[in-house]
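Right, one structure below, let's go through it.
Letters A, B, ... are given to chains in the order of the sequence lines, protein chains preceding strands, and every chain is numbered from 1. Heavy-atom basis, side chains included; hydrogens, waters and symmetry copies ignored.
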Amino acid sequence: MELDFGPAVRDFRDELRDWLAEHLVGEFAEHRGVGGPTDGAAWEVRLAWDRELAAGNWLGVGWPREYGGRGLGLLEEIVFEYEYARANAPYRATGNALDLLGPMLLAMGSEAQKKRFLPPILSVEELWGQGFSEPGAGSDLASVRTRAERADGGMRAERDDGGTSFGGTSRPTGVESGGEWVVSGQKVWTSFGIHADWLYVLTRTDPDSRRHKGLTMLLVPADQPGVEIRPIRNLAGQDEFAEVFLSDARTDADMVVGEIGQGWRTAMATLGIERGTTLLPQQLTFEREAESLIGLARERGALDDPMLRRRIVDAWISVRIMRTTNLRTIAELTAGRTPGPQATTAKLYASTRHQQLGHLAMELAGPAGQIVGEDYGLDTRQRSFLLSLAETIYGGSSEIQRNIIGEQVLGLPKEPRP
Amino acid sequence: MDLTFSEEQDELRKVVRSFLTRHATEADVRRLAADPSGYDPAVWQRMATEIGLQGLAVPEKYGGSGFGYVDLGVVFEETGRALLCAPYFASVALAAEILLRCDDETARGDLLPGIASGETVATLALTEENGRWDESGITLNAHDGAGGWRLTGVKTYVLDGHLADLLLVAARTPSGVSLFAVEAQAPGLVRTPLPTLDQTRKQARVEFTNTAARLLGPEGAAWPGLERTLATASVLLAAEQVGGAATALDAAVEHARIREQYGRPIGSFQGIKHKCADMLVEIESARSAAYGGLWALDTGDEAEIAISAALAQAFCSEAFTRVAGDNIQVHGGIGFTWEHPAHLYLKRAKSSEVLLGTPSYHRELLATRLGI
């Protein structure tokens, strides 16, 4: 499949292809296909690869030039992701900041925040971790309990109604310069958290508030006495995510993204950032896995088994449907249309079907697929199978996805909530 | 790259939907389902004259409007939504298509304008008692007798075969599979309507006894055109199935929003809500399968068309059946009654599932075409 958006984009594509052919060599080439949103394998090599990309000015293709990006459009971003996946380059270690924090700052950050934080993301000088989930707030982010208070009590004086209490509907105004936030609480499932220099943290700044009210998004430096980051080992044996303990951690008053008390909006904007471009490389990976699965089946003579044959064809159908679904979304985005329901259903379909693919691959591999390398060293197939179990959990579990589809797309009544 | 609909296609959809909302109501569907002829000639004429639906994708030189398959797919999605009772699939997706695919310019010039204008209702007679859709399933005998070609044998499960003015018949000569045209009035032609499980889609048994027929294209060379026709029809049927599934989901959602149990709408319970969500995932995935096929028909090469078509039929058939079944489930007991329309969709889904070969058959076609 070729993505073709006309001559200008074609030039961009060719430039990128040439660059990848020239730079994706040596150790980088040996790590082709390594990594994924939850895969901590070969971290150092991947980080070096990200720096190589940064040197070539390939990170932030769609970000404004003034912040170190290329200032190009959605089409180029799509082509970049596609060609990148086509070359099977290692999964970017800095994906979190590039895909979530960066777009969040571009959309809701202050000018000072953009100038301060965006360039070091693109030059891979600062790594970021997300501090949303908590032990008591996984899918239900409105249950966030990590508290942030102004050290100088300054926030109380900022209310536009002149009041000092926290209840009611009046909104706090913007942020004053000077002063600090003091943050305490526990975050968990912070992807690649042990490498983070900074954290973007959803906090409760109004202690009397409930649910999604009274939350604030804060940028918090990780390198300070009040921040302790401990790795959590995932089921593939990797230290890919972490738990973060915040004990009177400090950050400057102007590190609020969006407005004080409006952290829910900021968080939702982050989570709602268009995934059409990120689903594309994922689906190319799935296509590769499906091809490898067919190869394996052929080797094992499994294509003659009608039951297996049927499942193999279904696996192929699944990845082809994922591709077409993504293309539909991209076509709508590039035509300036609002993507249809498929943009919402795609994640549920892809994560479910990818797991089936993994199970089938393991079955075809047979007993040999049960043997791992030294130090629980996994091959691509084993790693992909195990890590696919996270895909129906992260980014909103499948159960949450079904609620979103039911309520937001189909308009079904909400569950009664206490 | 353009896997989205243009404003013109959106407009076409609106026009067709609005027409069908008026002329293919549930009452119309039930009336025509019970009627042996199975369609309303007045509505059929208006489809042709008011919107030009029969000739939409027929090239202009044969009296059509020359639109593409994506446009035609939009129409089939809408006829599927409405469960339109008419020989539209037979005439447009099968008969017009095989004429376009057979190597016979004269026949195209003679026969296509009538189909495009809606004056001729046509169909393709391919399946026999063996119920097969592959080349070797075609055994009906054609022989070059006195005064031209004659057919002897039986075709069955022929869509709208009892009412078509023109039958395009796949038959076997000593040189192989060949295509013939047979007029409805031809002596030696006996057509018997078959009572069908899905009453919205009529079928007939057609018996030929030394029946005069016109050879279309070179003798023995018809199979590639027939195979391509079946691929096109598979994609158009997939679009129709997507439309039918979408209506079934609409009905389920509407019911789940209104129907209360235990003091709250049943759609607020995850058991129902998640079922509806899964129905939508199924439909959007089926949409991708069908649209990918339509897109291939307009822009792809033959290999891509063959693959997309088999995929579309394998996937959309099962998707429609599953969603239609889930719709009955969401409706509870009422969904199990004759009075409620839910069963009409289930039955249409089931008849569509086997209309051009079963999902298993299409999976195997796909596997073969992929070299798996």
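Counting heavy atoms from C-beta on, the side chains of A:T324 and B:W295 never come closer than 4.5 Å. Contact annotation: the side chain of B:S268 never approaches that of A:E415 to less than 4.5 Å [non-hydrogen atoms, C-beta and beyond]. Looking at heavy atoms from C-beta onward, A:N403 lies in side-chain contact with B:H274 at the 4.5 angstrom threshold.
The distance from atom CZ of A:R298 to atom CD1 of B:I372, rounded to the nearest 0.5 Å, is 7.5 Å.
At a 4.5 Å heavy-atom cutoff, the contact between A:L410 and chain B is made by backbone and side-chain atoms alike. Interface remark: A:L348 contributes side-chain atoms only to the contact with chain B (heavy atom separation under 4.5 Å). With a threshold of 4.5 angstrom between heavy atoms, B:A314 approaches chain A through side-chain atoms but not through N, CA, C or O. If you measure heavy-atom distances from A:I321 to chain B, the contacts under 4.5 Å come from both the backbone and the side chain.
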Might you work through the side chain to side chain contact (heavy atoms under 4.5 Å, CB included) test for B:S285 and A:M322, ending with a clear yes or no? CA-CA 8 Å; B:S285 305; A:M322 288 179 214; over 6 Å; no
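Between B:S288 and A:R328, the shortest heavy-atom contact is OG-NH1, 3.0 Å. Contact between B:K273 and A:G406 at its shortest, heavy atoms only, is CG-CA, 3.9 Å.
When the candidates A:R309, A:E407, A:E399 are compared by the number of heavy-atom contacts under 4.5 Å with chain B, A:R309 comes out ahead. With respect to chain B, the highest number of heavy-atom pairs below 4.5 Å among A:Q342, A:Q401, A:R310 belongs to A:R310.
In this structure, the side chain of B:R363 does not engage the main chain of A:V313 through any donor-acceptor pair within 3.5 Å.
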